[in-house]
Every structure is written in structure tokens, then in C-alpha cells.
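Encoded as C-alpha cells, the structure appears first; notes follow it.
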Amino acid sequence: VQLQASGGGLVQAGGSLRLSCTASGTISNINRMAWYRQAPEKSRELVATIASGGATSYADSVKGRFTIFRDNAKVYLQMNSLKPEDTAVYYCHVLRGITVWWGRGTLVTVSS
């Protein structure tokens with residue numbers, strides 16, 4: 001599986017961005033797709049997940065503002081009401097069985 005993420009950029013606080021990630025290769029039997037992020041000098045953290053059946057989960061810090069959704073081989077992260085603390089490199093992630101894949105990050109910068 002190869003992952004290609006896009007959609008990052010610079011946005012003012014309160015604004016919105018939509019990240020997308022396209023999975024290519026053998027994409028059958030994917031258990032979960034997710035978005036992680038890593039802010040400068042911080043550890044990578046889980047932002048949102050979507051399971052194969054459609055169940056979603058979110059970090060407390062983004063609940064009510066971010067929405068993860070999937071369309072076959074693509075996973076999206078709709079980010080609304082962005083805050084400066086959302087500034088980070090965002091990574092898409094795929095889990096199939098015990099194997100994981102990471103996409104290259106896409107930078108999101110939120111100015112105050």
C-alpha cells in the first residue's frame with residue numbers, strides 16, 4: 001500500500017482545511033485508516049480514526065471540529081474552526097492485520 005496525502009497549507013485561525021489521502025496498491029481488507037499529527041518538538045499523536053465498518057473516533061482536542069470520512073481508497077480529514085495549536089505535520093495511516101503504512105506528511109499551519 002502506498003499513501004499520498006495532500007491538502008495542507010496555511011490558514012488563519014477559525015478557518016478550514018480538508019486533507020485527503022489516497023491509498024494505492026492492494027487496498028482490500030484494510031482494518032482502519034487514520035490521521036496522526038506531529039507538532040514541532042512534540043510526539044506524534046492520533047487525531048482521528050475510521051474503521052472498516054465506518055466507526056470513527058477522535059482525539060478530545062479535535063472533537064466537534066474535525067471529521068474523518070472515507071471513500072473507498074481515500075480518507076479525508078475535514079478540519080473546521082482551526083486553532084494555532086492544530087499546527088502540525090499531518091500523516092495518514094493504514095492498518096491491515098498487523099501491518100501498518102504511513103504516508104508522507106502534509107503540513108498544516110494555523111496563524112493566529
Side-chain angles (χ1 to χ4, degrees):
V1 176
Q2 293 183 336
L3 302 174
Q4 181 66 45
S6 62
L10 174 63
V11 64
Q12 288 187 332
S16 299
L17 281 175
R18 177 178 291 186
L19 306 182
S20 64
C21 178
T22 301
S24 60
T26 304
I27 61 171
S28 59
N29 301 317
I30 288 176
N31 300 108
R32 190 189 79 170
M33 301 181 84
W35 288 94
Y36 286 72
R37 69 185 180 187
Q38 187 165 17
E41 300 182 0
K42 291 190 176 181
S43 300
R44 191 171 296 188
E45 64 172 352
L46 180 61
V47 176
T49 68
I50 183 164
S52 57
T56 59
S57 65
Y58 299 90
D60 287 343
S61 59
V62 307
K63 280 182 182 176
R65 301 188 297 121
F66 290 12
T67 303
I68 187 171
F69 57 100
R70 179 181 171 184
D71 178 11
N72 196 19
K74 291 187 176 182
V75 61
Y76 301 89
L77 186 68
Q78 177 67 42
M79 305 184 294
N80 298 328
S81 302
L82 283 160
K83 304 175 181 179
E85 51 264 43
D86 295 317
T87 294
V89 177
Y90 285 71
Y91 299 88
C92 59
H93 172 277
V94 166
L95 171 67
R96 184 174 70 205
I98 61 171
T99 305
V100 300
W101 290 268
W102 291 95
R104 289 187 178 181
T106 184
L107 176 63
V108 172
T109 303
V110 184
S111 63
S112 57

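Since the structure is predicted, the reported quantities are computational estimates derived from the model, not experimental observations.
Note: Met79 CE to Arg65 CZ = 9.5 Å, rounded to the nearest 0.5 Å. Interatomic distance, NE2 of His93 versus CZ of Arg32, reported as 5.5 Å (0.5 Å rounding).
Here Tyr91 and Tyr36 keep their ring centres 6.0 angstrom or further from each other.
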Would you please test Lys83 and Asp86 for salt bridge (charged side-chain N to carboxylate O under 4.0 Å, His left out) and show each step?
CA-CA 5 Å; Lys83 304 175 181 179; Asp86 295 317; over 6 Å; no
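The minimum heavy-atom distance linking Ala48 with Leu77 is given by the pair CB-CD1, 4.1 Å. The minimum heavy-atom distance linking Arg70 with Ser52 is given by the pair NH1-CA, 4.2 Å. Annotation for Ser61 and Arg37: closest pair OG-NH2, 3.4 Å, computed over non-hydrogen atoms.
Judged by distance alone, with hydrogens and angles left aside, the side-chain atoms of Thr56 form no donor-acceptor pair with the main-chain N or O of Ile50 at under 3.5 Å. For the pair Tyr58 (side chain) and Ile68 (backbone), a donor-acceptor distance under 3.5 Å is present.
A single hydrophobic cluster is seen to contain both Leu95 and Leu46, as judged by linkage of ILVMFWY side chains at heavy-atom distances under 4.5 Å, directly or through other members. Follow the hydrophobic side-chain contacts under 4.5 Å out from Val62 and you never reach Val89; the two are in separate clusters.
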Show me the donor-acceptor pairs, under 3.5 Å and distance only, between side chains in residues 1-23 and residues at least two apart or in other chains.
from, atom 1, to, atom 2, distance (Å)
Ser6, OG, Ser20, OG, 3.1
Ser16, OG, Asn80, OD1, 2.9
Arg18, NE, Gln78, OE1, 2.7
Arg18, NH2, Gln78, OE1, 3.2

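The ring-ring contact (aromatic ring centres under 6.0 Å, His included) test with Tyr76 is passed by exactly one of Phe66, Phe69, Trp35: Phe69.
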